[in-house]
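Quick notes on the structure that follows.
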2 protein chains.
Amino acid sequence: MDRKSAQEFDRTATTKTAAKTATQTTRSAPLTIGALAKAAGVGVETIRYYQRRGLLREPQQTRGAYRVYGEAELARLTAIRRAQQLGFSLDEIDGLLALNEERDRDRARDAAQAKIELIESRIRQLQDMRDALAELVHCCEHTDSPAPCPILRALSSA
Amino acid sequence: MDRKSAQEFDRTATTKTAAKTATQTTRSAPLTIGALAKAAGVGVETIRYYQRRGLLREPQQTRGAYRVYGEAELARLTAIRRAQQLGFSLDEIDGLLALNEERDRDRARDAAQAKIELIESRIRQLQDMRDALAELVHCCEHTDSPAPCPILRALSSA
DNA sequence: GTTGACTCCGTACTTCGGTACGGCCTTTAG
DNA sequence: CTAAAGGCCGTACCGAAGTACGGAGTCAAC
């Protein structure tokens, strides 16, 4: 009996795509979860984790007791990986991939812009750390030997 | 380590004589854990967490059933916070604060140098993300309206 | 002499993105 | 037919640095 699959998040999910996947997915490349994982370069457990999270649909089609995956799932995993490399979290990716390519350009651009700003603020933080550390190292290298370590002093001094 | 000195093991709550008579090193302000937390700008739970972790000693001195903290603990918490701001983990800080200011200068400098390199590699990663995102945003802003979003296309295209 | 704030202690939970384990079932190759 | 490989499921665990909670005890002020 089929698992009811908690995938009734109807976020206006482009009926076009839903209709096409039924015909396209099945006829391209039938994959087991293991084959899909290998093709996408992730672990089987990762796929199952994405499914639990609602980030990847469980395919409705099965071969015997096993689910059958296709190009749609592979494409989605690839998109997830790319978005991760751009710094998006899985939650953000979920939202991003639910956007409509034509109608939601503003939202996509805003998300990207916001992410840029977050990344840049993090970069500045890290640069501050690096500068402070570099200063201490420089100081350490230019202090004569019998003196206490300027780095450790910087941590402990009042 | 060398700061242990002779302290009375006074478990009875009735003796109040321990207040100022002791000629400790720098036992200036007797603090409860709450006062110490406030002074250090951390939460009480954080202090207790550091103690469990072995990063902060539990003071042997007590007033009644409560532990008494002093300048030493405050200084240590301050040092921990400073080291954290430089990007060190609590484990690393534990090691760092165990170093000897005179004898372990090399080790401190090496740790700082290694941390710098780690930070710089992280910065480069983030810059790559930012550049890729900026490129996409730029692309998005220079694409005519009825076209699909280049950002979303970049994620999903084959 | 009671109230209320504080302390102590142990434990569980948080975020994030997975990874691992164990048991059972199914599929498929030999 | 059988055995190995793989799939399915639920659950626990990882690391990092805490945060939260609950119960019991205690200190101090009024």
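The shown structure was predicted, so the numbers you read here are calculated from the model rather than taken from an experiment.
Checked against salt bridge (Lys or Arg N to Asp or Glu O under 4.0 Å), B:Arg105 has no partners two or more places apart in sequence or in another chain. For B:Glu101, the salt bridge (Lys or Arg N to Asp or Glu O under 4.0 Å) partners are A:Arg153, not counting sequence neighbours. By the salt bridge (Lys or Arg N to Asp or Glu O under 4.0 Å) test, B:Asp110 pairs with no residue at all, sequence neighbours left out.
Rounded to whole angstrom, the span from the NZ atom of B:Lys38 across to the P atom of C:dC6 amounts to 7 Å. The distance between atom CD1 of B:Ile33 and atom P of D:dC27, rounded to the nearest whole Å, is 16 Å. The distance between atom CG of B:Leu56 and atom P of D:dG18, rounded to the nearest whole Å, is 13 Å. For B:Gln51 and C:dT7, the CD to P distance is 12 Å, given to the nearest whole Å.
Using a 4.0 Å heavy-atom distance criterion, B:Arg67 is classed as a sugar-phosphate-only contact.
Atoms CZ and SG, on B:Arg103 and A:Cys149 in that order, are 13.0 Å from each other to the nearest 0.5 Å.
A ring pair (Phe, Tyr, Trp, His ring centres under 6.0 Å) check over residues 81-110 of chain B, counting only residues at least two apart or in different chains, returns nothing. Judged as a side chain to side chain donor-acceptor pair (under 3.5 Å), the pairs with a partner in residues 83-92 of chain B (not counting sequence neighbours) are, in order, B:Arg53-B:Asp91, B:Ser89-B:Glu92, B:Glu92-B:Lys115.
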What string of B, S and - do you get for nucleotides 15-30 of chain C, 5' to 3', if B is base contact, S is sugar-phosphate-only contact and - is no contact with any protein heavy atom under 4.0 Å? --BBBB-----BS---

